[in-house]
Student: 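What follows is a structure written as structure tokens; I'll ask about it next.
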Amino acid sequence: FNKVDKILLDAPCSGMGVIARDPSVKLQRSIKDIQRSAHLQKQLLLSAIDMVDAHSKTGGVVVYSTCSITVFENEEVVDYALNKRYVKVVSTSLPFGRDGFIRYGSKRFHPSLKLTKRYYPHVHNMDGFYVARLKKYANGVKKTEVEEEEDDDEDDDDDDDDDDDGNDEKKADVLPKEQQQNNNNKKKSKTDSTPRQRLKRQRQQTKNKTTPDDDDHDECKPVNKPQLNNIKIKIE
């Protein structure tokens, strides 16, 4: 994408911030509703970030807001976006409001989430609200440390395989034929590892054991009977 300068994402939420003027929300919402809303909000925020251009001179900004005061729909969603995209939290420039949470219970969020703003009905005489302003500094998808380590390990494994193949080709000219055959059998046994191949190999081995050898055929041949025509019997 990268076609838009700025986006205001007023995401659909559980509406837990309007309980002061609509108490029925407490009875209509459950924890599963909040979890479903949080999942949808994460996907919408990532899509909004992907649409803005990080190299825009006048933009590259996404404002995320909800009419909820739950951490699951606010700080947790923004922290998720920070780990998935090249964005940072910047000041909202709003003159009032409480700072966003950087910790909640056992949860720990990025320190920059303190720049987000929270609004409470009993404090600010308005609906509960949350606002975060994100600045995109690079296009693309951010890789986590685990994914980067996995990519590095795969590259190292590929390099090792290439080195092993090159060394095997060099040694092939020097090794005796019997040893080369043994090495080829070892390589073949490594690749011959699928269940179908193992079953086929076992059947072949069983067949070889049950098939008699040539020596066994020789033992089964009838013994030639002695010829009695030329034998003279002497009778006294």
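The figures that follow rest on heavy atoms only: side chains count, while hydrogens, waters and symmetry mates do not.
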Student: With the 4.5 Å side-chain cut-off for hydrophobic clustering, are Tyr104 and Met16 part of the same group?
Tutor: no

Student: Any side-chain heavy-atom pair from Leu94 and Tyr119 closer than 4.5 angstrom?
Tutor: yes

Student: For Phe96, is there any backbone N or O sitting under 3.5 Å from a side-chain donor or acceptor partner on Lys117?
Tutor: no

Student: Are any side-chain N or O atoms of Lys135 and backbone N or O atoms of Ala54, one a donor and one an acceptor, separated by less than 3.5 Å?
Tutor: no

Student: Would a distance-only check, ignoring hydrogens and angles, find a side-chain to backbone donor-acceptor pair under 3.5 Å from His110 to Ser112?
Tutor: yes

Student: Hey, does the side chain of Lys136 reach the backbone of Val52 with a donor-acceptor pair shorter than 3.5 angstrom?
Tutor: yes

Student: Do Phe72 and Leu9 share a hydrophobic cluster (ILVMFWY, side-chain heavy atoms under 4.5 Å, transitive)?
Tutor: no

Student: Backbone N or O of Ser68 within a donor-acceptor pair of the Asn74 side chain at under 3.5 Å?
Tutor: yes

Student: State whether a side-chain donor-acceptor pair under 3.5 Å links Ser14 with Asp33.
Tutor: no

Student: Are side-chain heavy atoms of Val78 and Leu113 found at a separation under 4.5 Å?
Tutor: yes

Student: Could you check whether the rings of His124 and Tyr120 sit parallel, tilted or perpendicular, using 30° and 60° as the cut-offs?
Tutor: parallel

Student: Looking at NZ of Lys3 and CG of Asp53, how far apart are the two atoms once the value is rounded to the nearest 0.5 Å?
Tutor: 8.5 Å

Student: Treating Ile, Leu, Val, Met, Phe, Trp and Tyr as nodes and any side-chain heavy-atom pair under 4.5 angstrom as an edge, say whether Ile34 and Phe129 lie in one connected cluster.
Tutor: no

Student: Should Val71 and Leu115 be counted in the same cluster of Ile, Leu, Val, Met, Phe, Trp and Tyr side chains packed under 4.5 Å apart?
Tutor: yes

Student: Name the residue from Lys107, Arg103, Arg118, Arg108 that meets the salt bridge (charged side-chain N to carboxylate O under 4.0 Å, His left out) definition with Glu75.
Tutor: Arg118

Student: Would you say the side chain of Pro12 lies within less than 4.5 Å of the side chain of Leu44, judging by non-hydrogen atoms?
Tutor: yes

Student: Main chain of Ile102, side chain of Lys114: is a donor-acceptor contact present, judged purely on distance under 3.5 Å?
Tutor: no

Student: Check the orientation of Tyr86 and Tyr137. Use parallel for under 30°, tilted for 30 to 60°, and perpendicular for over 60°.
Tutor: perpendicular

